[in-house]
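Accompanying notes for the structure given below.
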Amino acid sequence: MTTTFARRSAALLACAAFGFATSAYAQEKGQDKTVTIGVLNDMSSLYADIGGPGSVLAVNMAVEDSGLRAKGWKIEVLSGDHQNKPDIGVNIARQWIDTQKVDMITDTPNSGVALAVSNVAKEKNAVLLNNGGASADLTGKACNANTISYTYDTYMLANGTGKALTKAGGDSWFFLTADYAFGAALERDTSAVVTANGGKVLGGVKHPLNTSDFSSFLLQAQNSKAKIVGLANAGGDTTNAIKQAAEFGIVEGGQKLAALLLFINDVHSLGLKTAHGLTFTESFYWDLNDNTRAWSKRFQEKTANKAMPSMTQAGNYAGVIHYLKALEALGGNPHDGVKVVAKMKEIPTDDPLFGKGPLREDGRRIIPAYLFEVKKPEESKGPWDYYKLVANIPAEDAARPLKDSECPLVKK
């Protein structure tokens with residue numbers, strides 16, 4: 001009896017050992033099919049509408065649409081609020097990677113947070129799929145082999161809105177700039193475009209993030225006599241500046257506002273009566289084509305406030321779809337950020353929201369952009385029908401040319 005029990009125990013131990021060995025072998029060969037994604041953004045402040053819970057929804061939609069769970073993959077989605085503070089963003093990223101085995105972090109609106117988390121991704125060999133941080137430095141001088149910028153950047157915004165308005169006669173500019181990395185990059189890139197197209201920058205003023213009172217800043221803009229007042233800010237800062245500019249009579253006085261980064265949620269908040277005539281650049285609009293309309297209506301049905309998706313929320317969906325395609329192409333999750341990003345750059349990108357386009361060696365997804373103008377109230381056919389297309393911006397013009405790149409990954 002004792003001998004039989006011993007033999008059975010030995011057999012069970014052997015099976016267990018074989019199971020552990022098989023599991024270890026599978027992980028070593030990249031066949032592990034567990035993935036943890038962290039959605040890191042502003043859940044409660046001025047960027048919550050353009051990212052927030054909507055980005056978490058978009059990521060979960062991507063996971064479901066990928067079909068990987070039906071194929072036996074275990075995919076978990078976490079979310080965290082960085083409160084627009086780089087130190088909080090870094091702490092969450094480190095904790096996620098170290099204790100919850102997060103493989104990829106996505107969204108990261110706020111360039112200061114995105115730049116800091118990009119360094120963590122490099123240090124920990126995770127993946128940062130940036131969709132919200134606009135600084136072109138993320139694929140420029142601060143680029144690394146673990147970070148991708150999928151949706152837009154300050155170069156795209158400057159070469160869309162800045163170039164169009166300057167060429168249309170808006171040849172003198174004054175900037176209202178959010179006082180952190182994003183604002184600095186947007187003002188820098190737009191100023192370069194303005195001067196390259198024969199315009200002049202007459203001055204600018206920096207304002208704190210999440211400013212409620214723009215009166216002193218708008219007074220300086222008004223006194224500058226610049227034809228264009230460039231708003232190098234985003235989210236609640238942009239909508240507050242536009243509302244208060246109307247109170248100051250800036251547009252009625254002959255100056256034009258340039259919303260250098262505007263989202264559909266901002267237009268919805270402002271209303272067409274206030275926002276009409278604003279010119280801006282985006283790479284996504286829900287009503288662009290049949291694919292964007294179908295997906296956006298699915299998204300809208302799932303949101304508590306029935307909002308249409310922002311450009312960054314759409315980017316989170318598309319980026320996660322491509323990330324999961326890369327993992328499947330690898331045959332499993334190697335839990336190696338550099339390896340996964342290399343595969344993402346290797347295989348072609350193709351999704352229903354942005355279509356096909358290369359993912360360059362500097363980590364920039366190459367997609368076309370669009371110059372839009374906000375409709376007048378009488379031009380809108382219904383809820384969320386806010387944009388009219390002014391011009392198409394070819395993909396090759398929407399991203400900084402590789403020959404001008406400061407990214408150390410770019411071979412020249």
Side-chain angles (χ1 to χ4, degrees), residues 108 111-112 114-115 118-119 121-122 128-167 170-171 173 175 177-178 180-201 204 228 230 232 234 258 260-261 280-283 311 315 319 338 341-342 344-346 348-349 354-371 391-412:
T108 57
S111 293
L115 288 161
S118 177
N119 289 330
K122 179 182 178 181
L128 173 61
L129 179 56
N130 168 57
N131 287 293
S135 175
D137 291 344
L138 284 156
T139 53
K141 62 186 179 182
C143 84
N144 62 53
N146 296 76
T147 296
I148 285 169
S149 284
Y150 209 85
T151 314
Y152 76 111
D153 63 15
T154 51
Y155 181 91
M156 182 193 93
L157 302 172
N159 280 272
T161 312
K163 184 183 289 186
L165 291 176
T166 304
K167 285 188 169 183
D171 56 4
W173 286 64
F175 288 95
T177 303
Y180 76 107
F182 154 67
L186 186 51
E187 180 180 340
R188 175 199 67 201
D189 290 348
T190 307
S191 295
V193 168
V194 169
T195 55
N197 285 276
K200 294 181 180 179
V201 177
I228 307 291
L260 294 170
L261 179 54
F280 57 97
T281 303
E282 289 204 57
S283 60
M311 171 171 59
V338 169
V341 168
M344 291 177 74
K345 293 176 181 178
E346 177 188 319
T349 63
F354 297 89
K356 298 179 180 180
L359 189 54
R360 286 194 321 199
E361 57 193 290
D362 61 352
R364 182 73 167 90
R365 166 74 152 94
I366 304 304
I367 46 178
Y370 309 92
L371 187 68
N392 291 293
I393 302 170
E396 58 270 21
D397 294 335
R400 191 184 305 279
L402 275 179
K403 65 181 179 63
D404 299 331
S405 176
E406 297 179 85
C407 173
L409 301 175
V410 176
K411 301 177 182 65
K412 297 183 181 179

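None of the values given here were measured: they were computed from a predicted structure. Counting from 1, the numbers follow the sequence of the chain as shown.
- Distance check: Met156 CE to Ser149 OG gives 11.5 Å after rounding to the nearest 0.5 Å.
- When side chains are defined from C-beta on, Leu260 does not count as touching Phe280, because their heavy atoms never get closer than 4.5 Å.
- Counting heavy atoms from C-beta on, the side chains of Tyr152 and Leu261 come closer than 4.5 Å.
- When atom types are taken as modelled, the side chain of Ser405 and the backbone of Gly140 share no donor-acceptor pair closer than 3.5 angstrom.
- Judged purely by atom type and a 3.5 angstrom limit, Thr154 uses its side chain to pair as donor or acceptor with the backbone of Ala136.
- Counting heavy atoms from C-beta outward, Tyr150 and Ile367 have side chains that stay 4.5 Å or more apart.
- Looking at heavy atoms from C-beta onward, Leu138 lies in side-chain contact with Leu115 at the 4.5 angstrom threshold.
- In terms of heavy atoms, Ala232 sits closest to Phe182 at O-CE2, 4.2 Å.
- Side chain of Ser283 to backbone of Ala369: no donor-acceptor contact under 3.5 angstrom is found.
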Which pairs would a plain distance check flag for residues 190-198, meaning a side-chain donor or acceptor within less than 3.5 Å of a matching protein atom at least two apart in sequence or in another chain?
residue: Thr190; atom: OG1; partner: Leu186; partner atom: O; Å: 2.7
residue: Ser191; atom: OG; partner: Glu187; partner atom: O; Å: 2.7
residue: Thr195; atom: OG1; partner: Ser191; partner atom: O; Å: 3.0
residue: Thr195; atom: OG1; partner: Ala192; partner atom: O; Å: 3.1
residue: Asn197; atom: ND2; partner: Val193; partner atom: O; Å: 2.8

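- A heavy-atom distance below 4.5 Å is found between the side chains of Asn146 and Val338.
- Of all non-hydrogen atoms in Pro358 and Thr349, the two that sit nearest each other are N-OG1, 4.2 Å.
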Assess whether side chain to side chain contact (heavy atoms under 4.5 Å, CB included) is satisfied between Arg400 and Asn159, documenting all intermediate values. CA-CA 9 Å; Arg400 191 184 305 279; Asn159 280 272; over 6 Å; no

Please step through side chain to side chain contact (heavy atoms under 4.5 Å, CB included) for the pair Asn144 and Ser118, ending with a clear verdict. CA-CA 8 Å; Asn144 62 53; Ser118 177; 2.9 Å; yes

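- Using a 3.5 Å distance cut-off with no hydrogens or angles, the side chains of Asp171 and Thr166 do not pair a donor with an acceptor.
- You'll find the side chain of Lys345 reaches within 4.5 Å of the side chain of Leu409, heavy atoms only.
- Residue pairs meeting the salt bridge (charged side-chain N to carboxylate O under 4.0 Å, His left out) criterion with at least one partner in residues 133-160, sequence neighbours excluded, are Asp137-Arg188, Asp153-Arg364.
- Checking side-chain atoms of Asn130 against main-chain N and O of Ala114 turns up no donor-acceptor pair under 3.5 Å.
- Between Ala134 and Ser111, the shortest heavy-atom distance links the atoms N-OG, 3.1 Å.
- Annotation: ring-ring contact (aromatic ring centres under 6.0 Å, His included) contacts of Phe354 (sequence neighbours excluded): Phe284.
- Without hydrogens or angle criteria, Asp397 side chain to Ile393 main chain gives no donor-acceptor distance under 3.5 Å.
- Between Thr147 and Lys122 the shortest side-chain heavy-atom distance does not fall below 4.5 Å.
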After noting the C-alpha distance and the side-chain angles of Thr108 and Asn131, does the key distance pass the side chain to side chain contact (heavy atoms under 4.5 Å, CB included) rule? CA-CA 7 Å; Thr108 57; Asn131 287 293; over 6 Å; no

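- Residues Met311 and Glu282 come closest through the heavy atom pair CB-OE1, 3.2 Å.
- Listed for the Thr161 side chain is a donor-acceptor partner under 3.5 Å among the backbone atoms of Thr281.
- Counting heavy atoms from C-beta outward, Leu359 and Ile366 have side chains that stay 4.5 Å or more apart.
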